[in-house]
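Every value quoted in this text rests on a predicted model; they were computed, and no experiment measured them.
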Amino acid sequence: MKYIYKILVITFLISSSCIGQKNESKNVSIKEVMELHDEIMPKMGDLFKLVEQLKSKPETPEKKNNVDLAKKELQTSNKAMMTWMNNFGKSFDKYEVSGKKALTKEKQQLLNEEEVKLKALNKIINTSMANVKKLLAKS
């Protein structure tokens, strides 16, 4: 479980650094990015539920590290999503998000990058939730 947490963080960082290479030929729309955001947001409530389930899980000394790491993994996933939303909100104004204002070439490139980050974040969230569900099923 220790290594999974590190792998998730590294995966997110690597995917963020390789953004320009993946998305140069395809311009995404704000609508597509917001639909992906809307797909991920309900998972935030599920993350909190899983953290609560982990808190109520009886911990034996040998399982305590796994439970603690699982909690941290979920909390890191949640924090990453909140950070993404904050950064996105600072990068695009309400007129760009609503489609009332066209994106500049630079903003379009930034939007393409944000989509890649959000897809990577979605994978990280799904993986962390799946790992915790497996851990909970074992007890």
### Message
Working note: L103 + I30, criterion side chain to side chain contact (heavy atoms under 4.5 Å, CB included); need CA distance, chi angles, decisive distance, verdict.
### Response
CA-CA 9 Å; L103 297 178; I30 289 272; 4.2 Å; yes
### Task
Run the numbers on V51 and N78 for side chain to side chain contact (heavy atoms under 4.5 Å, CB included), then give the verdict.
CA-CA 11 Å; V51 168; N78 181 61; over 6 Å; no
### Message
So, using ring-ring contact (aromatic ring centres under 6.0 Å, His included) as the criterion, who are the partners of F92 when residues are at least two apart?
### Response
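Applying ring-ring contact (aromatic ring centres under 6.0 Å, His included) to F92 gives F88.
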Without swapping roles, check the side chain of [X] against the backbone of [Y] for a donor-acceptor pair under 3.5 Å.
X: E32; Y: S29; answer: yes
X: N66; Y: L135; answer: no
X: N86; Y: M82; answer: no
X: Q108; Y: V28; answer: yes

Report yes if the side chains of [X] and [Y] come closer than 4.5 Å at any heavy-atom pair, otherwise no.
X: E115; Y: K26; result: yes
X: L36; Y: E39; result: yes
X: I125; Y: L74; result: no

Measure the spacing between [atom1] of [X] and [atom2] of [Y] and express it to the nearest 0.5 Å.
X: S77; Y: L121; atom1: OG; atom2: CG; answer: 7.0 Å
X: L118; Y: E113; atom1: CG; atom2: CD; answer: 13.5 Å
X: E73; Y: D68; atom1: CD; atom2: CG; answer: 12.5 Å
X: M85; Y: M41; atom1: CE; atom2: CE; answer: 4.0 Å
X: K117; Y: N87; atom1: NZ; atom2: CG; answer: 6.5 Å
X: N131; Y: L136; atom1: CG; atom2: CG; answer: 11.0 Å

#### Entry: For S128 against L47, the heavy-atom pair lying closest together
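Heavy atoms only, the tightest pair is OG-CD2, 4.3 Å.
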### Message
Salt bridge check, E114 against K119: does any charged N sit closer than 4.0 Å to a carboxylate O?
### Response
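Here K119 does not pair with E114 in a salt bridge, since their nearest N and O are not under 4.0 Å apart.
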### salt bridge (charged side-chain N to carboxylate O under 4.0 Å, His left out): pairs with one or both residues in residues 40-52, sequence neighbours excluded
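The answer is E52-K55.
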#### Entry: Step-by-step side chain to side chain contact (heavy atoms under 4.5 Å, CB included) determination, K94 to K101
CA-CA 9 Å; K94 65 181 179 180; K101 180 179 173 185; over 6 Å; no
### Task
Flag yes if M34 and M44 sit in one hydrophobic cluster, no otherwise; membership is Ile, Leu, Val, Met, Phe, Trp, Tyr, and two members link when side-chain heavy atoms are under 4.5 Å apart.
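Result: yes, single cluster for both.
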